[in-house]
Amino acid sequence: MSEKEKALYTASFLYTDAILKDFEALYLEKKKLSPAIRIILGLLGFAGVVFFGIMLYREGLRIAYVGYMLICSVLLVLAFSRGKSRPDDTVDKYRKSYLNRRVSFHFDETGLEMKLDGQKSYARSKYKEIYALNETERCLYLIIKGRAHYIVSKEALGGELEELKKYLQKKSGKKFIQYDIDPKGAST
């Protein structure tokens, strides 16, 4: 960070097991499909399978009908899946890379910077790259296009928390979405 780009807000803290459990709970919560979406997918899938099944029966094997029937079958599978499916090693990667490592965040006029102790390089993102702003009781999550998550401990921000939240919302054009989660064992 150059002298010209002085940090307006900073945070430095250790990524603990509790913080990473909070991240895992949020990440898995966001992967779930809501009951309304499941009902819609189920109805569309069922209607599609019936309709295209009848069309196949009446008009014979046509590649378009088979393709549409397969798409409708996928909708049914999504509707009845458990919600935490989709194998994904994101949480494991974050745990392996971050657990018990000190991190420093710097927020300036042009963007934010994250540096893990022991690494020569750092991550830098502009505010316009923020895809979503999420928060839990424990942390702020800045989700960057490309699915990277900046995890910032609220405790490390102290009295600057509300001010930083307003600043991030203004700079990114996004609003924070609050998630009330139970990180299963994440204690303060």
Side-chain angles (χ1 to χ4, degrees), residues 1 7-38 78 81-108 111-188:
M1 177 172 297
L8 301 172
Y9 304 96
T10 61
S12 182
F13 58 95
L14 191 68
Y15 278 120
T16 62
D17 186 56
I19 289 171
L20 294 173
K21 282 182 181 178
D22 191 78
F23 169 65
E24 179 177 357
L26 173 75
Y27 189 80
L28 294 176
E29 179 67 27
K30 289 182 57 136
K31 287 177 64 171
K32 289 182 183 177
L33 294 176
S34 72
I37 297 293
R38 288 178 185 281
L78 284 173
S81 69
R82 290 191 163 269
K84 289 185 184 178
S85 55
R86 290 190 352 218
D88 185 337
D89 62 351
T90 299
V91 172
D92 294 334
K93 284 181 182 177
Y94 275 76
R95 181 167 288 283
K96 182 179 176 183
S97 298
Y98 291 6
L99 185 60
N100 296 321
R101 298 213 33 213
R102 180 154 295 281
V103 64
S104 298
F105 282 93
H106 300 277
F107 301 87
D108 61 39
L112 64 130
E113 178 180 297
M114 178 189 118
K115 174 123 175 59
L116 279 172
D117 280 359
Q119 281 189 328
K120 292 179 184 176
S121 61
Y122 57 88
R124 178 128 182 105
S125 297
K126 295 178 180 175
Y127 295 114
K128 68 181 178 182
E129 295 174 304
I130 294 176
Y131 177 75
L133 297 171
N134 298 149
E135 74 174 299
T136 61
E137 187 177 324
R138 182 182 307 277
C139 297
L140 299 179
Y141 296 92
L142 289 65
I143 302 164
I144 307 301
K145 291 178 182 172
R147 302 187 57 92
H149 293 74
Y150 289 116
I151 305 166
V152 184
S153 167
K154 286 181 171 181
E155 187 178 330
L157 293 165
E160 293 185 322
L161 174 62
E162 290 306 315
E163 198 176 306
L164 175 61
K165 284 175 56 177
K166 288 176 188 172
Y167 182 77
L168 289 171
Q169 290 179 132
K170 179 182 171 192
K171 289 298 239 177
S172 70
K174 308 288 184 205
K175 297 272 185 214
F176 272 96
I177 298 170
Q178 176 71 42
Y179 284 86
D180 296 319
I181 57 170
D182 176 18
K184 296 177 192 142
S187 57
T188 308

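When each of Leu140, Ile19, Thr16 is paired with Ser153, the side-chain contact (heavy atoms from CB on, under 4.5 Å) condition holds for Ile19 and for no other.
Residues His149 and Tyr27 have side chains in contact (heavy-atom distance under 4.5 Å, counting atoms from C-beta outward). A heavy-atom distance below 4.5 Å is found between the side chains of Tyr141 and Ile151. When side chains are defined from C-beta on, Leu133 does not count as touching Glu135, because their heavy atoms never get closer than 4.5 Å. Taking the side chain as every heavy atom from C-beta outward, Ile181 and Asp22 approach each other to under 4.5 Å. Using a 4.5 Å heavy-atom cutoff, the side chains of Arg95 and Lys21 are in contact.
When all heavy atoms of Asp117 and Arg101 are compared, the pair lying nearest together is O-NH2, 2.6 Å. Nearest heavy-atom pair across Lys126 and Glu129 is N-OE1, 2.6 Å. Of all the heavy atoms in Ala123 and Tyr150, the pair that sits closest is CB-OH, 3.6 Å. Listed here is the closest heavy atom pair of Glu160 and Thr10: OE1-O, 3.9 Å. Across every non-hydrogen atom of Leu168 and Tyr127, the tightest pair is CD2-CE2, 3.6 Å.
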Q | side-chain contact (heavy atoms from CB on, under 4.5 Å) evaluation trace for Phe105 with Leu142 | A | CA-CA 12 Å; Phe105 282 93; Leu142 289 65; over 6 Å; no

Q: For Thr90 and Tyr94, run side-chain contact (heavy atoms from CB on, under 4.5 Å): C-alpha distance rounded to whole Å, both residues' side-chain angles, the deciding distance at 0.1 Å, then the answer.
A: CA-CA 6 Å; Thr90 299; Tyr94 275 76; 3.6 Å; yes

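Atoms NZ and CD1, on Lys128 and Ile130 in that order, are 12.5 Å from each other to the nearest 0.5 Å. Separating the NZ atom in Lys165 from the CG atom in Leu157 is a distance of 10.5 Å, to the nearest 0.5 Å. Rounding to the nearest 0.5 Å places CG of Leu116 at 11.5 Å from CZ of Arg102. Between the OG atom of Ser172 and the CD1 atom of Ile143 there is a distance of 11.5 Å, given to the nearest 0.5 Å. Considering NZ of Lys171 and CG of Asp108, their distance stands at 8.5 Å, rounded to 0.5 Å. Taken from CG in Leu26 to CG in Asp180, the straight-line distance is 11.0 Å, to the nearest 0.5 Å.
Of the possible donor and acceptor atoms, one in the side chain of Lys154 sits under 3.5 Å from a partner among the backbone N and O of Thr136. Remark: the backbone N or O of Ile144 is not paired with any side-chain donor or acceptor of Tyr131 at under 3.5 angstrom.
With sequence neighbours excluded, the residues that form a side-chain contact (heavy atoms from CB on, under 4.5 Å) with Glu163 are Tyr9. Every ring pair (Phe, Tyr, Trp, His ring centres under 6.0 Å) that Tyr15 has, sequence neighbours left out, goes to Phe13, Tyr98.
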